[in-house]
Amino acid sequence: MRTTVGIIGAGPAGLLLARLLHNAGIDSVVLESRDRAYVERRQRAGILEQGTVDVLRAAGAGERMDREGLRHDGIELRFDRRRHRVDFPALTGGKSVMVYAQTEVCKDLIALQLKEGGPLLFEAEALAVEGADTDHPRVRFRHEGAEDVLECDYVVGCDGFWGVARQAIPAGLSRTFERTYPFGWLGILADVAPSHDELVYARHDRGFALLSMRSPSVSRLYLQVPADTDAESWSDEEIWAELERRFETADDWTLRRGPITQKSVTPMRSYVHEPMRHGRLFLAGDAAHIVPPTGAKGLNLAVGDVVTFARALTHREETGSDGLLDAYSATCLRRVWQAERFSYDMTTMLHRAPDATPFDDRIQLARLDRLASSRAAETDLAEGYTGFPVG
Ligand SMILES: Cc1cc2nc3c(=O)[nH]c(=O)nc-3n(C[C@H](O)[C@H](O)[C@H](O)COP(=O)(O)OP(=O)(O)OC[C@H]3O[C@@H](n4cnc5c(N)ncnc54)[C@H](O)[C@@H]3O)c2cc1C
């Protein structure tokens, strides 16, 4: 098999990249190790930045998102039984975010790719990227029990944190930056209307909690738990009782309960691999970086990377210049580190570390109080949450 761009992974990064290249008249082949149903069901992110919404619309993949997604103009911070709303459009010159699940983004992009795009092979596992530093990189992969080779001009590793693409960069050229947090998120999906019409980020002495939603009838809620927690060790009753404690307010706000349909624990990690390019191999999305989910940045960073790559390759096709491809890693990393900083700030402001001292508690409350009383501090949060510019 031969193609211009070999894409490993059909998560949001790989699927959107295939769509952007198709729209630019550049052919690609997507290899995905899992089956279609698995990819379409995998529960992950749910908040799309303004820039991501704009990119999906421009790519012709925004129709259902515009019909079914929920536009949010703010979030609520909850601490010390107080409530403070951050108004995004007022602070950012009109920006907002969209609640539309990653599962739905993937379903929309898969349907478009299968209808109009190039080959998208499910159950096709990339085994290795070879010749990344030559003009003819290859992906060795296994599909339907047989090994095959995909010959490419470029390979983009969109294969997530556990993928194979990153391994093709020689260890001597790689630098990694990492922080693992001593807590994770116990996440639930519940068949009940959200108890608030915007996301609620709660800082509590017992730990962080987040109220989010997937639709007007499905709530997504999270509790900070120790990193090694088994989701099944929490009964439904214990989860609801703990959520009620952490969301408690001084007014008459109440949490709606409903049947829990899914429970899982997500670890919290910050990770960056530099550089994001080696020869004709480019890394995009979780293959190159991970953020803790507190800032809702993971999916949005993946989108920024593939937009940058598609622009750079289109520029090369149009002008013959490699300039933007050469700048790919530095261009992406600038935005990646802003998202890492933002996610770190949100995480450390809202979560209670196991070894937190009374001094740390007071500092967290002072940071939140500053946000609630300073337009400058609030603007910084609103700009970070609605998204840093691409490129
Ligand atoms: C449990 C969990 C919960 C999350 N929750 C949130 C959240 O609430 N908010 C948020 O913003 N972000 C969240 N994230 C992060 C967000 O989902 C990711 O940043 C986003 O999925 C990145 O997209 P991606 O396409 O780069 O990688 P992925 O979505 O990981 O896609 C990679 C794809 O590559 C495939 N693949 C892997 N190896 C191979 C191989 N060898 N050959 C072929 N295919 C391969 C995988 O099957 C997968 O389909 C969460 C992540 C996890 C793991």
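When reading the values below, keep in mind they use all heavy atoms of this one structure, side chains included, and skip hydrogens, waters and symmetry mates. Note that ligands are numbered from 1 as they come in the structure, with each ligand's atoms numbered from 1 the same way. By convention here, the first residue in the shown sequence is residue 1.
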Inset, instruction - Please say whether A126 places an N or O atom under 3.5 Å from an N or O atom belonging to ligand 1. - result: yes
Legend entry - Shortest protein heavy-atom distance from atom 16 (C) of ligand 1, along with the residue and atom involved: Q102 OE1, 3.6 Å
Legend entry - Per atom 32 (C) of ligand 1, closest listed option by heavy atom (C158, G9, G46): C158
Legend entry - Protein contact of atom 44 (N) of ligand 1 - nearest heavy atom, named by residue and atom, plus distance: S33 N, 3.1 Å
Legend entry - Numbering as shown, the atoms of ligand 1 that approach G11 to under 4.0 Å (heavy-atom distance): 25 (O), 29 (O), 31 (O), 33 (C), 49 (O)
Legend entry - L299 and ligand 1 - part of the residue with a heavy-atom distance under 4.0 Å: backbone
Inset, instruction - Assess whether salt bridge (Lys or Arg N to Asp or Glu O under 4.0 Å) is satisfied between R375 and E378, documenting all intermediate values. - result: CA-CA 5 Å; R375 191 175 168 91; E378 251 193 326; 5.7 Å; no
Legend entry - Test item, R220 contacting ligand 1 (heavy atom, 4.0 angstrom): no
Legend entry - Single-linkage hydrophobic cluster I260~L211, side-chain heavy atoms < 4.5 angstrom: yes
Inset, instruction - Say whether T266, considering both its backbone and side-chain N or O atoms, lies within less than 3.5 Å of an N or O atom on ligand 1. - result: no
Legend entry - Neighbour count above 12 (heavy atom, 6.0 Å) for R67 CZ: yes
Legend entry - Closest non-hydrogen atom pair, G323 against S321: N-OG, 3.0 Å
Legend entry - L15 and ligand 1 - part of the residue with a heavy-atom distance under 4.0 Å: neither
Inset, instruction - Check each heavy atom of R42 against ligand 1 and say whether those closer than 4.0 Å belong to the side chain, the backbone, both or neither. - result: side chain
Inset, instruction - Return yes if some donor-acceptor pair links the side-chain N/O of H273 with the main-chain N/O of P275 below 3.5 Å, else return no. - result: yes
Inset, instruction - Please confirm whether Q43 comes within less than 3.5 Å of ligand 1 when only nitrogen or oxygen atoms on both sides are compared. - result: no
Inset, instruction - Please write down residue, atom name and distance for the protein heavy atom closest to atom 19 (O) of ligand 1. - result: D286 OD1, 2.7 Å
Legend entry - Atoms in ligand 1 flagged as close to G285, the criterion being non-hydrogen separation under 4.0 Å: 26 (O)
Inset, instruction - If you have a sec, work out which protein heavy atom is nearest atom 7 (C) of ligand 1 and how many Å separate them, to one decimal? - result: A45 CA, 3.4 Å
Inset, instruction - Could you list which atoms of ligand 1 come closer than 4.0 Å to a heavy atom of L31? - result: 43 (C), 44 (N)
Inset, instruction - Please round to the nearest 0.5 Å and tell me the distance separating atom CD of E32 and atom CG of D159. - result: 9.5 Å
Legend entry - Polar proximity ligand 1 side, E125 side, N/O cut 3.5 Å exclusive: no
Inset, instruction - Enumerate the atoms of ligand 1 whose separation from the nearest heavy atom of I8 is less than 4.0 angstrom. - result: 42 (N), 43 (C)
Inset, instruction - Using a strict 4.0 Å cut-off to heavy atoms of A124, name the atoms of ligand 1 that fall inside it. - result: 43 (C)
Inset, instruction - Return a yes/no value for P12: is any of its N or O atoms, backbone included, closer than 3.5 angstrom to an N or O of ligand 1? - result: yes
Inset, instruction - Specify the protein heavy atom at minimum distance from atom 25 (O) of ligand 1: its residue, its atom name, and the distance to 0.1 Å. - result: A13 N, 2.9 Å
Legend entry - N/O donor-acceptor pair under 3.5 Å between R41 side chain and Q43 backbone: no
Inset, instruction - List every atom of ligand 1 that sits less than 4.0 Å from any heavy atom of G298, numbering the atoms from 1 in the order shown and giving each element. - result: 11 (O), 19 (O)
Inset, instruction - Decide if atom CZ of R142 counts as having more than 12 heavy atoms of other residues, nucleotides or ligands within a radius under 6.0 Å. - result: no
Legend entry - contact_flag Y222 ligand 1 heavy-atom lt 4.0 Å: yes
Inset, instruction - Inspect the contact between E237 and R257 and indicate whether a charged nitrogen and a carboxylate oxygen are less than 4.0 angstrom apart. - result: yes
Legend entry - Sole residue of H136, R2, R316, R280 in side-chain hydrogen bond (donor to acceptor under 3.5 Å, both in side chains) with D153: R2
Legend entry - Side chain, backbone, both or neither: the part of A287 lying under 4.0 Å from ligand 1 by heavy atom: neither
Legend entry - Common cluster, Y201/L223, ILVMFWY with side-chain heavy-atom separation under 4.5 Å: yes
Inset, instruction - Return yes if some donor-acceptor pair links the side-chain N/O of R352 with the main-chain N/O of Q224 below 3.5 Å, else return no. - result: no
Legend entry - ligand 1 N/O within reach of G163 N/O, cut-off under 3.5 Å: no
Legend entry - Check: K95 side chain, G387 main-chain N or O, donor-acceptor pair, under 3.5 Å: yes
Inset, instruction - Indicate, with yes or no, if I75 and M98 share a hydrophobic cluster defined by side-chain heavy-atom contacts under 4.5 Å among Ile, Leu, Val, Met, Phe, Trp and Tyr. - result: no
Inset, instruction - Would you mind running through ligand 1 and noting each atom that sits below 4.0 Å from a heavy atom of A296? - result: 11 (O)
Legend entry - atom 47 (O) of ligand 1: nearest protein contact (heavy atom, Å): E32 OE2, 2.7 Å
Legend entry - Residue R34 vicinity, atoms of ligand 1 by number, heavy atom under 4.0 Å: 47 (O)
Legend entry - Nearest non-hydrogen protein atom, atom 37 (C) of ligand 1: D159 O, 3.1 Å
Legend entry - Test of proximity, R44 against ligand 1: N or O pairs below 3.5 Å: yes
Legend entry - salt bridge (Lys or Arg N to Asp or Glu O under 4.0 Å) between K107 and E40, intermediate numbers included: CA-CA 6 Å; K107 279 182 205 162; E40 291 187 341; over 6 Å; no
Inset, instruction - Kindly state whether the ring of H351 and the ring of Y181 have centres lying under 6.0 angstrom apart. - result: no
Legend entry - Heavy-atom neighbours of Y344 OH exceed 12 at 6.0 Å: no
